[in-house]
**Student:** 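One structure, as C-alpha cells, below. Some questions next.
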Amino acid sequence: MALRSGQAQSRRAHRWLVFLIAIMVATAGAITAAVTAPPSPLAGLSFGLSSLIFAAALILAGRVTIALERARRRALPPPPETNPFPIVSKLLRPK
C-alpha cells in the first residue's frame, strides 16, 4: 500500500517526535540521578551533558510540533467568509 508523500512525511515526523520525547525522558532521569549523586566531577559532567542533550531534544521536539501543526492547519478547508458587521455593511452598501 503506497502512501502519499505528505502522509509519509507526517508519519516520519511523528516517529521523530516520539523518539525525541523518549530521549527527553531518559535524560531527565539522568539529570535526576546526577543531582542526587554525591558531589564529584563525574556527577557535574553527567549533569551538564544530560542537560545539554535534554535542551537540544526539547528544542527539536518543539520545532517538529510546530511543523506538524502548520501542516495540519494547511490541510483544513479554509474558513467560510463571514461579515463581522452585517448591519453596517447594509447601511454603507453603494446604491
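Source: prediction; values computed, not measured.
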**Student:** Indicate the atoms forming the closest heavy-atom contact of A13 with L68, along with that distance.
**Tutor:**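 Result for this residue pair: CB-CD2, 3.7 Å.
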**Student:** Nearest heavy-atom pair of A57 and I23: which atoms, and what distance?
**Tutor:**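 That would be CB-CG2, 4.0 Å.
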**Student:** Atom OG in S51, atom CG in L58: separation rounded to 0.5 Å?
**Tutor:**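 The distance works out to 12.0 Å.
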**Student:** To check you understand the geometry: which heavy-atom pair defines the closest contact between S50 and A30, and what is its length?
**Tutor:**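 Reported closest heavy-atom pair: OG-CB, 3.4 Å.
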**Student:** Looking at every heavy atom in both A43 and P38, which two are closest together, and how far apart are they?
**Tutor:**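 Nearest pair, atom of A43 first, then P38: CB-O, 3.8 Å.
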**Student:** If you group Ile, Leu, Val, Met, Phe, Trp and Tyr by side-chain heavy-atom gaps below 4.5 Å, do V25 and F19 land in one group?
**Tutor:**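 In one cluster with V25: F19, no.
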**Student:** Should L60 and L17 be counted in the same cluster of Ile, Leu, Val, Met, Phe, Trp and Tyr side chains packed under 4.5 Å apart?
**Tutor:**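 Yes.
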**Student:** Would you kindly confirm whether I21 and W16 end up in one hydrophobic cluster when ILVMFWY residues are joined by side chain heavy atoms under 4.5 Å apart?
**Tutor:**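 In one cluster with I21: W16, no.
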**Student:** Nearest 0.5 angstrom please: L20 CG to R15 CZ, how far?
**Tutor:**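 Nearest 0.5 Å value for the CG-CZ distance: 13.0 Å.
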**Student:** Calculate, to the nearest 0.5 Å, the distance between atoms CD and CZ belonging to Q9 and R12 respectively.
**Tutor:**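 If we round to the nearest 0.5 Å, Q9:CD and R12:CZ are 6.0 Å apart.
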**Student:** Atom CG in L45, atom CG in L49: separation rounded to 0.5 Å?
**Tutor:**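 Here the interatomic distance stands at 6.0 Å.
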**Student:** So among I31, L52, L42, which one has a side chain to side chain contact (heavy atoms under 4.5 Å, CB included) with F47?
**Tutor:**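 It is I31; the other options fail the test.
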**Student:** Is it the case that one hydrophobic cluster holds both F54 and V35, taking links as side-chain heavy atoms less than 4.5 Å apart, direct or via other members?
**Tutor:**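 Yes, it is one cluster - the side chains of F54 and V35 are joined through contacts under 4.5 Å.
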